[in-house]
Amino acid sequence: MQSIMATDIKMLFCVGLFFVLTGVGKSALIGKSHSGGKDDLVLQYVVNNSLREHPVLTKLRLRTLEDQWSRMMVASEQAQLMANLIRLINGTKAIEIGMYTEYNALSMALAMPENGRVVACEIEDTYVEIAKPFFKEAGVENKIDVRLQTAMKTLDDLITAGEAGTYDFVFIDADKSNYDGYYEKSLELIRKGGIIAIDNVLWSGKVVNPAPTDLTSQALDALNKKLHKDQRIELSMLTVGDGLTIAIKR
């Protein structure tokens, strides 16, 4: 019996050492290519061999990186994924909840046909002013409708205007405490087969057993669990950027 136990312990030690040396078992969450994942060789390989960034998007990304809060910017690889989803469903109407410098809003507008429209929700005018020259340079200023007010009011305004069930794509990336409310309003505004993309759903891994005082992680964890059971949608949670959920309205 003692020899068997010794063998088992030795095997467990070797397996554990293998995990440590190879990185197997580590979290798949790497981060954004311009922030948390900027030193990850695999992620940079992905970006170097798949990113097809419009020249104006490149300019806006570089301008945004000058800002002290640039880590808030949607990763270029994530924006490209969402732009391709819009192309896949032939999307012409989108909403961005929380635009920052509007890298992603610009990316979505560029992915749409001439009659495309992006309603961009933001409360900070400084970021809007940064974005506007790039919209003009890219020739899509007519596609982007900036609403400088709370996102919830904008969503309510769209519903009141009779636009429920008419949008193809919604991206949620604003204050996390209101994510659940944004999701419910977005589900009302999106058409059947439309997509709601939700950013930061992993929150640097803090959603796993969130601390009692961490209200943001608790809110995200609660939403993640809610969506898992929500029969109104098809669902995928991806380890892209800081975690990206794709919800397709049934």
Side-chain angles (χ1 to χ4, degrees), residues 32-34 51-67 69-155 157-158 163 166-175 178-179 182-183 185-186 189-190 194-200 240-242 244 246:
K32 301 175 182 180
S33 60
H34 65 274
L51 184 63
R52 296 176 175 178
E53 195 173 47
H54 188 283
V56 181
L57 277 174
T58 302
K59 290 181 180 181
L60 179 53
R61 174 170 55 82
L62 294 176
R63 169 61 184 87
T64 305
L65 289 175
E66 297 173 5
D67 186 72
W69 300 108
S70 62
R71 64 181 179 275
M72 296 196 306
M73 179 176 64
V74 175
S76 54
E77 63 274 15
Q78 180 178 327
Q80 180 168 288
L81 168 64
M82 292 189 289
N84 283 334
L85 288 175
I86 288 173
R87 293 185 181 98
L88 189 65
I89 63 173
N90 297 314
T92 59
K93 293 182 69 176
I95 302 170
E96 173 146 288
I97 302 173
M99 54 170 260
Y100 186 37
T101 60
E102 293 216 48
Y103 179 92
N104 189 65
L106 176 56
S107 176
M108 291 194 294
L110 287 167
M112 291 180 178
E114 196 58 38
N115 65 335
R117 175 191 178 207
V118 178
V119 176
C121 307
E122 181 55 59
I123 58 173
E124 179 53 66
D125 186 55
T126 302
Y127 296 136
V128 176
E129 292 306 311
I130 290 174
K132 282 181 178 179
F134 295 95
F135 296 163
K136 185 174 182 180
E137 183 178 354
V140 297
E141 66 265 49
N142 61 312
K143 294 184 185 181
I144 302 176
D145 177 9
V146 178
R147 305 289 181 96
L148 198 61
Q149 59 184 10
T150 65
M152 201 65 78
K153 185 177 188 314
T154 295
L155 299 176
D157 288 348
L158 295 175
E163 295 196 58
T166 66
Y167 281 84
D168 304 296
F169 193 93
V170 178
F171 179 51
I172 302 175
D173 185 20
D175 51 312
N178 281 319
Y179 260 31
Y182 296 147
Y183 168 69
K185 297 290 185 182
S186 298
L189 284 161
I190 211 83
I195 298 172
I196 301 173
I198 308 173
D199 202 18
N200 303 118
V240 175
D242 194 25
L244 178 68
I246 302 296

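Note: hydrogens, waters and symmetry copies are ignored here, and every other heavy atom, side chains too, is used. One is the number of the first residue; the rest follow in order along the sequence. Keep in mind it's a predicted model, so treat the numbers as computed, not measured.
- A donor-acceptor pair under 3.5 Å links the side-chain atoms of K32 to the main chain of M73, judged by distance alone.
- Using a 4.5 Å heavy-atom threshold, the side chains of Y179 and D199 count as touching.
- The shortest non-hydrogen separation linking R117 to R147 is NH2-NH2, 3.2 Å.
- Formation of a donor-acceptor pair under 3.5 Å by the E124 side chain with backbone atoms of Y100 is not found in this model.
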Show your reasoning for whether side chain to side chain contact (heavy atoms under 4.5 Å, CB included) applies to E114 and N142.
CA-CA 9 Å; E114 196 58 38; N142 61 312; 3.5 Å; yes
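- Put simply, the side chain of V74 reaches to within 4.5 Å of the side chain of M82, judged on heavy atoms.
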Step by step, would you call R63 with Y103 a side-chain hydrogen bond (donor to acceptor under 3.5 Å, both in side chains)?
CA-CA 10 Å; R63 169 61 184 87; Y103 179 92; over 6 Å; no
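- Closest approach of A120 and E102 over heavy atoms only: CB-OE1, 3.4 Å.
- Side chain of D168 to backbone of A94: no donor-acceptor contact under 3.5 angstrom is found.
- Here the NZ atom belonging to K153 is positioned 12.0 Å from the NZ atom belonging to K185, to the nearest 0.5 angstrom.
- Atoms CD1 and CD1, on I195 and I198 in that order, are 12.0 Å from each other to the nearest 0.5 Å.
- Under a 3.5 Å cut-off, the side chain of E77 and the backbone N or O of L51 do not form any donor-acceptor pair.
- A donor-acceptor pair is defined here as one N or O able to donate and one able to accept, closer than 3.5 Å; such a pair exists between the side chain of T64 and the backbone of L60.
- Atoms CD and NZ, from E53 and K59 in turn, are 12.0 Å apart once rounded to the nearest 0.5 Å.
- To the nearest 0.5 angstrom, M152 atom CE is 12.5 Å from D157 atom CG.
- T92 is not listed as a side-chain neighbour of N90, based on a closest heavy-atom distance of 4.5 Å or more.
- Between the side chain of E122 and the backbone N or O of M99 there is at least one donor-acceptor pair closer than 3.5 Å.
- With contacts defined as side-chain heavy-atom distances shorter than 4.5 Å, the pair V140/V118 does not qualify.
- Residue L155 holds its CG atom at 4.5 Å from CD1 of I97, rounded to the nearest 0.5 Å.
- The closest side-chain heavy-atom distance from F134 to T101 is not below 4.5 Å.
- Residues M72 and Y127 are in side-chain contact: their nearest non-hydrogen atoms beyond the backbone lie under 4.5 Å apart.
- Nearest heavy atoms, H34 versus S70: NE2-O, 3.2 Å.
- Here the closest non-hydrogen pair linking S33 and A75 is N-CB, 4.2 Å.
- S186 OG to F171 CZ: the interatomic distance, rounded to the nearest 0.5 Å, is 11.5 Å.
- Distance alone, capped at 3.5 Å, places no donor-acceptor pair between the Y182 side chain and the D175 backbone.
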Evaluate the side chain to side chain contact (heavy atoms under 4.5 Å, CB included) criterion for residues L81 and L244: first the C-alpha distance (whole Å), next the side-chain angles of each, then the deciding distance (0.1 Å), finally the verdict.
CA-CA 11 Å; L81 168 64; L244 178 68; 4.0 Å; yes
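- In I123, the CD1 atom is not crowded: 12 or fewer heavy atoms of neighbouring residues, nucleotides or ligands sit closer than 6.0 Å.
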CA sep, side-chain torsions, deciding dist, call: Q80, S107, side-chain hydrogen bond (donor to acceptor under 3.5 Å, both in side chains)
CA-CA 7 Å; Q80 180 168 288; S107 176; over 6 Å; no
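- The shortest side-chain heavy-atom distance between E96 and M108 falls under the 4.5 Å cut-off.
- Between the K143 side chain and the A109 main chain, a donor and an acceptor come within less than 3.5 Å of each other.
- Panel note: side chain D173, backbone G98; no donor-acceptor pair is recorded below 3.5 Å.
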